[in-house]
Amino acid sequence: MEAAPSTAAVPNLDKVDFLKLQNGSDIRGVAVAGVEGEPLNLTEPVSEAIAAGFAAWLLEKKKADGSQRLSISVGHDSRISAKKLEDAISRGIAGAGLDVVQYGLASTPAMFNSTVTEDDAFLCPVDGSIMITASHLPYNRNGFKFFTNAGGLGKADIKNILERAADIYNKFTAEGLTSSKGKALASVKRVDYMNVYTSDLVKAVRKAAGNIEKPLEGFHIVVDAGNGAGGFFAAKVLEPLGAVTSGSQFLEPDGMFPNHIPNPEDKTAMKAITQAVLDNKADLGIIFDTDVDRSAAVDSTGLEFNRNRLIALMSAIVLEEHPGTTIVTDSVTSDGLTTFIEKKLGGKHHRFKRGYKNVIDEAIHLNSVGEESHLAIETSGHGALKENHWLDDGAYLMVKILNKIASARASGLTGGSKVLTGLLEGLQEPAFSVELRLKINQSHQDLKGGSFRDYGEAVLKHLENYIDSDPKLQKAPVNYEGVRVSGYGGWFLLRLSLHDPVLPLNIEAPSNNDAVLLGNVVRAALKEFSALDTSALDKFVQAS
Ligand SMILES: O=P(O)(O)OC[C@H]1O[C@H](O)[C@H](O)[C@@H](O)[C@@H]1O
């Protein structure tokens with residue numbers, strides 16, 4: 001970083017400092033100081049510049065000619081840095097001459113929805129939208145997700161915005177920053193958009209149940225929002241539909257996340273909602289991540305509908321509506337899921353890559369080339385339906401589940417969540433499954449100054465050749481990511497992480513012993529790669 005010229009209003013930053021904030025199709029950084037080794041990089045001026053960069057990108061995209069004033073909605077999750085970043089973002093947008101519509105506490109899917117809602121009274125549709133969130137990451141982080149009515153922005157757009165932001169930032173003057181404050185005060189409007197969004201969810205369930213006002217009457221459903229932004233689901237969705245929600249927990253927003261990480265992939269979080277269901281003798285439990293684009297559920301016996309089971313459940317629901325359709329998932333899904341989707345449900349399983357944007361884009365692509373697909377879903381709990389604008393929406397996934405129990409009730413079936421559990425009949429689940437994350441040491445001499453991605457690719461290539469020489473192992477005939485191999489009654493997948501210098505290794509097998517045999521194959525194949533930290537794998541095979 002260069003020294004700041006004395007006239008600068010902000011410390012000087014290079015373009016690369018901005019580009020480091022990119023995390024796939026999101027922006028992520030440190031917004032709260034005080035954690036050792038994690039210096040602040042998502043400051044207020046940086047955020048203001050990023051918002052101005054988005055505004056400039058949007059003006060160009062929409063070819064706005066000045067006759068129409070564009071507007072951008074801004075929402076946030078429960079993080080402690082939310083308010084200051086909301087102000088900074090608003091200044092960036094207003095400074096660029098666009099209107100700002102603040103929603104306050106909101107969910108990521110609701111923000112996208114505001115670009116497609118037709119409702120003048122709520123200043124909708126907006127032209128663009130920004131969600132301030134860092135999903136399930138620790139309290140000191142924050143970030144941004146951007147939307148237009150075409151969906152979430154992709155990687156190339158984010159890079160473009162960050163490049164613009166770097167230029168804008170380095171031209172900030174003290175007067176400019178002061179004047180953007182004035183402009184923001186004048187052009188910010190506040191709207192209770194979550195009311196519109198939640199009433200749409202309520203309408204969807206009522207309609208699916210045959211226009212019954214309270215289709216969930218008699219159901220006891222507990223919600224765990226993990227102190228993120230999803231608490232609205234109990235009072236604004238479930239209760240108007242007639243459900244009892246007592247025993248729901250951690251609904252109050254608290255950016256220190258004092259109870260558990262709001263993340264349906266987290267074991268402690270799943271344990272917490274399961275316990276709440278059992279303690280309250282509830283029919284169903286629902287859990288969200290911080291910004292409500294991911295979710296999972298729990299049936300009345302404590303069976304978790306997350307990961308492969310959530311995909312199986314959603315596939316069963318979607319395939320009833322669209323027989324034969326293709327279900328696009330991420331790469332770490334079980335073999336049993338493929339059998340279930342294809343043999344039991346009569347659909348097609350397209351096992352693609354990890355990353356919610358990847359699976360959604362792939363489903364859109366399949367439709368464009370004539371293969372019908374209605375569901376794109378990841379084991380992480382991200383899921384999107386064609387009928388819902390391919391919007392990655394954890395709350396909508398739960399609405400589909402509620403529709404199922406409400407319509408079962410309407411047609412005279414009793415038994416609460418049993419109708420859901422019944423849909424999973426025939427799903428084979430592995431007796432043993434594990435994910436081990438093998439780190440690449442980026443400063444190791446073996447990288448020879450190259451990127452960790454190049455090194456990771458070399459590891460994968462070597463593993464692939466190694467497998468070819470072992471007749472007990474078979475490479476997956478169709479595979480889009482990493483090296484997936486069957487053997488010893490199970491399978492493993494080694495792939496590059498989407499963002500980190502890590503090779504995640506997933507193993508599923510009929511027993512712990514078989515999993516160790518598979519682990520040993522990988523260990524033997526990788527032993528010469530000294531920049532790869534295989535201690536997690538060593539520990540796994542030695543302990544077993
Ligand atoms: O590749 P990994 O490190 O396992 O991370 C993969 C995950 O990254 C992010 O969290 C994305 O939001 C997820 O959609 C994706 O599944």
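We count ligands from 1, going down the list as the structure has it; atoms in each ligand are counted the same way. Note that the coordinates shown come from a computational prediction; the quantities given were computed from them, not determined experimentally.
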- Message: If the condition is ring-ring contact (aromatic ring centres under 6.0 Å, His included), which residues does His260 pass it with, not counting sequence neighbours?
- Response: Phe250
Let me have the donor-acceptor pairs involving side chains of residues 145-155, under 3.5 Å, with sequence neighbours excluded, atom names and distances please.
| from | atom 1 | to | atom 2 | distance (Å) |
| --- | --- | --- | --- | --- |
| Lys145 | NZ | Asp291 | OD2 | 3.3 |
| Lys145 | NZ | Asp293 | OD2 | 2.8 |
| Thr148 | OG1 | Ala150 | N | 3.1 |

- State which residues pass side chain to side chain contact (heavy atoms under 4.5 Å, CB included) with Ala204; sequence neighbours excluded, sorted by chain then number. Val399
- Task: Report the C-alpha separation of Arg354 and Glu378 in whole Å, then their side-chain angles, then the decisive distance to 0.1 Å, and conclude whether the salt bridge (charged side-chain N to carboxylate O under 4.0 Å, His left out) test is met.
- Result: CA-CA 7 Å; Arg354 189 89 169 135; Glu378 255 202 315; 3.7 Å; yes
- Query: After noting the C-alpha distance and the side-chain angles of Arg307 and Glu435, does the key distance pass the salt bridge (charged side-chain N to carboxylate O under 4.0 Å, His left out) rule?
  - Reply: CA-CA 13 Å; Arg307 301 189 59 81; Glu435 178 170 300; 5.0 Å; no
- Message: So if I only count non-hydrogen atoms and take anything under 4.0 Å from ligand 1, which residues does that give, chain by chain?
- Response: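 These residues qualify: Arg354, Gly355, Tyr356, Glu378, His382, Arg437, Arg495, Ser497, Leu498, His499.
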- Sub-3.5 Å donor-acceptor pair from the side chain of Thr115 to the main-chain atoms of Met111, do we have one? no
